[in-house]
Amino acid sequence: MTYAGAVKAIRRFTVRTVLPAELQILDALARNLYWSWHFPTVQFFASLDPEAWERVGHDPVALLGEISPERFRQLAADAGVVLEAQLLDEELRDYLGSSKWYQESFDAEGKPEGIAYFSAEFGITEVMPQYSGGLGILAGDHLKSASDLGVPIIGVGLLYSAGYFRQSLTRDGWQRETYPLLDPNNLPLILLRETDGTPTVISLPLPGARVLNAQVWVAQVGRVPLLLLDSNVPANDEISRQVTDRLYGGSAEHRLEQELLLGVGGVKALRAFERLTGGPRPQVYHCNEGHAGFLSVERLREILDTDPTMDFDSAVEAVRSATLFTTHTPVPAGIDRFDKNVVRPYLAAMPIAGVDVEDILRLGKETYEGGNPHVFNMAVLGLRMARMANGVARLHGHVSRTMFHQLWPGFDIEDVPITSITNGVHGPTWRDPHFQSMALEYMTAEQDADGSSWLRTEDQGGVPSSVIWNTRHQLRSNLVHAARKRMRQSWLERGASPAEVGWTETILDPDVLTIGFARRVPTYKRLTLMLSDPERLVRLLTDPKRPIQIIIAGKSHPDDEQGVSLIQRLVQFSDDPRVRDRIVFLPNYDMGLAHVLVPGCDVWLNNPLRPLEASGTSGMKCALNGALNLSILDGWWDEMYDGSNGWAIPTADGVDDPVRRDQIEAAALYDLIENTVAPRFYERDENGVPGRWVEMIRHTLATLGPKVQATRMVKDYVRELYTPIAAASRVLDVSPYRNARDLAAWKKRVIGAWHRVQISFVEATLPDVVQLGDEVAVEAHVNLGGLSPRDVQVQMVLGRVGSDDSIVGGQVIELGVAGGEEQEMYRFAASEKLAVSGAVGFAVRVVPHSELTASDAELGLVTNAEPTVVSAHTTTSFGQ
């Protein structure tokens, strides 16, 4: 009997076709996410059944479940198909087994054998929607680039059963969210199993005698395994099964349980993976944003539960020594902060031997001036438990030091120990295959990577300008075609009938200057800045000689009412019949849409409120495809704009009225588009090529191409952060943890004595008339309060001074011991030649110093000399 009703299934699963013996290797090809950046493999899967390929959303695993047994028999009988599958399999095996940069070229002593990378989201491919925006895409590009370089990273995250939401629009233009459930068995994942075949399960005790269980799925990202914890298991109660239901959803307590599972459960999953695979234990734990901060709590438990002789402070030093914290947040509102009374029972449910819950709570407590002592701050936890920390662009490093400087009281903002590594993007993922093919017709992959060959003229064997321009036209045409298709579907979902959407077939124009704008929609990114003067924008869009068109996409968090209303305002403007063929909002922005939007735009617009963009890597993806950036000098653009690779939108710094500031910056944006960008795009030579525009494309590819690569970023992490941290973790891990115990004891002694440290007298010797190259000699008399000179470093900070006597960009010179102890008083002295002219000053300070710390600011302790203790007979200004 055939059932023809519409009853809903209580469980969904996938029944797969049994692969013929000749094509068994397809399963391995589909399950390694290397295909997500290897175009020949994608082409091959698409060729097996083009209609099914489109139907399953370009997902190789789902495709194998969709192809019929009859079709597989036909494919198995085709010698060409079988040979191509074998060649792709051999290529994958070679990629996985060969030595890469990390093995062959990076020859640093003590480089880590293993690195664990924790993140709440990972953007690997659109078929696994485990990301919401830039943080996840960055994490995915980090893993892919580590794989390409052979860096021994293992990723750790959560598997969200509904991922991030699917976005559509109502008839009135409001964002509508739906949460389609994912079947992990039909994704490129493998369930981690014990040797007896049963699923590996990790468990966390929760308040009320509840237990949170999770199974572990493994996504193979090239050479890099990514562990994803999934709480949707039968052993859990209904509430616990929903912990990993969706990304960034639910109540504060729901988010807290997610972050405990990510941090504490993630470390447990790592240990299970090490046990089952024999892989190395990580020497570096990279906490990508504060969501994963609880990983340090579990590592504390590991140490203290297994070594009863270890004390809490020593265990903290051991954990810190191997931890890196990366902040992506430019504003305090972006940090997860939980009521400590909510956190306390969770920590109490998973006790650590000999440790009071309040000791753990103090690690995340805002004990600094202006902090709220009643909250548990995940970024503060991350910073306190990390040996090193970084922002994600040079400007963002400064913003982060400013935002968190209260954790290091007494130090100047630039002394705060937060460095920066500028984000990058994974080239093979984000450069369009057609653009890549064009490049490799005229240069080697190495020449393309270093950028030099893009500046060669046609006479020198370089890419002809007409070829570059025709390729860019093709990419723009692809985008226009995709946008028309998506707009038609969007209007049908908004309730229009097929008879009402015929106009979508002719919107946009492949010959018109195309501006792209796509990102998350928090208010600081200013989605609607372009609408500040609607009539002027209409004129720009409909200019009869130099029109522009704008393609926009982006999601707002469902709880962000302001962001949702910004989308609605933009959509209503774009619905206006006067402009709807020149400006469109494409719903449900994801990696699939980005793959046509990013390369298809001529100009990528970014207009955040400076300096609130942490990095903003979408414009980097465009640059790899020959698009030009039009952006506020914020994030990565602040350091990489050179005047010829795009345009900088002037900012109204110092204007406090936000409405007035938006008006000023919007007017500057309109002026740039109307008077500079559009004229250059439409200025054509006798062959129809905009020569000056193409020269900017060449310059962008030559100068930005090498800089924006995530391989550059990962190499920076390896050299500047991972390797030093691994070295520190080895030092503090010896005998066992002898140096960690020594460091904890030293810190306790220094903190106890620091209130007695005082600079009693500073004497400076200078000529009456000071000239460049003269020497300044400084002697300081310091009461060390019972500490030894080995416990401190006395420093002179020397450099130019501003109008308020603040030293700007000074150099730090160590003063050596010049005299013995006299009632705890020591003399320190040094001299330095003056290398700068103008108003110059110096300051003298004392900081704790140990070879076991990462920086002299680590304890947040400093004693500065007061002007009243300085003795000098010169006319030089003295800064403090």
Side-chain angles (χ1 to χ4, degrees), residues 32-34 36-37 100-102 106 111-112 114-125 128 130-158 218-228 262 266 270 282-292 295 323-329 382 386 388-393 396-397 419-431 591 594 614-618 620-621 624 635-636 707-723 725-726:
N32 192 310
L33 287 162
Y34 178 64
S36 69
W37 70 93
K100 305 291 185 183
W101 169 81
Y102 194 78
F106 181 61
K111 62 185 181 182
I115 302 151
Y117 184 93
F118 285 69
S119 182
E121 49 178 302
F122 286 92
I124 309 293
T125 165
M128 287 177 55
Q130 305 294 304
Y131 58 93
S132 72
L135 177 69
I137 301 301
L138 178 278
D141 284 3
H142 197 109
L143 297 193
K144 292 174 182 177
S145 297
S147 174
D148 290 343
L149 294 169
V151 179
I153 280 182
I154 179 170
V156 183
L158 301 180
V218 182
Q220 197 63 39
V221 186
R223 301 162 67 107
V224 172
L226 168 59
L227 310 182
L228 298 171
L262 173 60
L270 268 178
Q283 294 166 315
V284 178
Y285 294 80
H286 187 168
C287 182
N288 190 42
E289 223 5 297
H291 313 112
L295 73 90
T323 306
L324 168 66
F325 178 70
T326 296
T327 174
H328 297 255
T329 306
M388 303 179 80
N390 70 285
V392 291
H396 180 241
T419 186
S420 65
I421 288 183
T422 302
N423 282 347
V425 298
H426 185 244
T429 294
W430 295 111
R431 175 177 273 184
M591 293 181 72
S615 186
T617 53
S618 54
M620 293 179 166
K621 304 178 183 85
L624 289 177
W636 72 278
K707 294 179 182 178
V708 301
Q709 297 279 355
T711 46
R712 183 272 310 155
M713 172 190 73
V714 172
K715 287 179 180 180
D716 288 347
Y717 272 102
V718 168
R719 294 186 183 110
E720 299 172 26
L721 297 174
Y722 291 159
T723 298
I725 288 173

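FYI, side chains are in, hydrogens and waters are out, and symmetry mates aren't considered; it's all heavy atoms of this structure.
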What I'd like to find out is whether the side chain of Ile137 reaches to under 4.5 Å of the side chain of Trp430, using heavy atoms alone. yes
Of all heavy-atom pairs between Pro112 and Pro152, which one has the smallest distance, and what is that distance? O-CG, 3.7 Å
Nearest 0.5 angstrom please: His142 NE2 to Met713 CE, how far? 5.5 Å
Which heavy-atom pair separates Ala219 from Leu33 by the least distance, and what is that distance? CB-CD1, 3.9 Å
Checking Tyr131 side chain against Met591 main chain: does a donor-acceptor pair fall under 3.5 Å? yes
Decide yes or no for Leu270 and Phe118: does some side-chain heavy atom of the first lie under 4.5 Å from some side-chain heavy atom of the second? yes
Interatomic distance, CG@Asn390 vs CZ@Phe325, rounded to 0.5 Å, equals 9.0 Å
Minimal heavy-atom distance between Leu262 and Val156, with the atoms involved, is CD1-O, 3.8 Å
Would Thr422 and His396 count as a side chain to side chain contact (heavy atoms under 4.5 Å, CB included) if you check the C-alpha gap in whole Å, the side-chain angles of each, and the deciding distance to 0.1 Å? CA-CA 9 Å; Thr422 302; His396 180 241; over 6 Å; no
Interatomic spacing from NE2 in His426 to OG in Ser147 - rounded to 0.5 Å: 7.5 Å
So, do Ile154 and Val224 sit near enough that their side-chain heavy atoms are less than 4.5 Å apart? no
Between CG on residue Leu226 and CE on residue Met128, distance to nearest 0.5 Å: 6.5 Å
Less than 4.5 Å apart, any side-chain heavy atom of Val151 and any of Lys100? no
Is there a donor-acceptor pair under 3.5 Å between the side chain of Ser615 and the backbone N or O of Thr617? no
Phe106 six-ring centre to Lys111 NZ/CZ under 6.0 Å and within 45° of normal: no
Report the C-alpha distance between Thr323 and Ile725 in whole Å, list the side-chain angles of each, state the deciding distance to 0.1 Å, and finish with yes or no for side chain to side chain contact (heavy atoms under 4.5 Å, CB included). CA-CA 7 Å; Thr323 306; Ile725 288 173; over 6 Å; no
Identify the heavy atoms of Glu289 and His328 that sit nearest to each other, and give their distance. OE2-N, 2.6 Å
For Ala292 and Cys287 the tightest heavy-atom approach is C-SG, 3.6 Å
With the side chain counted from C-beta on, respond yes when Asn423 and Trp636 share a heavy-atom pair under 4.5 Å apart, and no when they do not. no
Can you name the ring pair (Phe, Tyr, Trp, His ring centres under 6.0 Å) partners of His291, sequence neighbours left out? Tyr248
Just by distance, do the side chain of Arg223 and the backbone of Gly150 share a donor-acceptor pair under 3.5 Å? no
Answer yes or no: is there a side-chain heavy-atom contact under 4.5 Å between Gln283 and Ile115? no
Looking at Lys144 and Asp148, is any side-chain nitrogen of the basic one under 4.0 Å from a carboxylate oxygen of the acidic one? no
Distance in Å, Leu324 CG paired with Leu721 CG, rounded so as to fall on 0.5 Å steps: 5.0 Å
Minimal non-hydrogen separation, Ser420 against Ala393, with atom names: CB-O, 3.3 Å
From NE2 (His286) to OH (Tyr717), nearest 0.5 Å: 4.5 Å
Checking Tyr34 now: which residues fulfil ring pair (Phe, Tyr, Trp, His ring centres under 6.0 Å) with it, not counting sequence neighbours? Trp37, His38, Tyr95
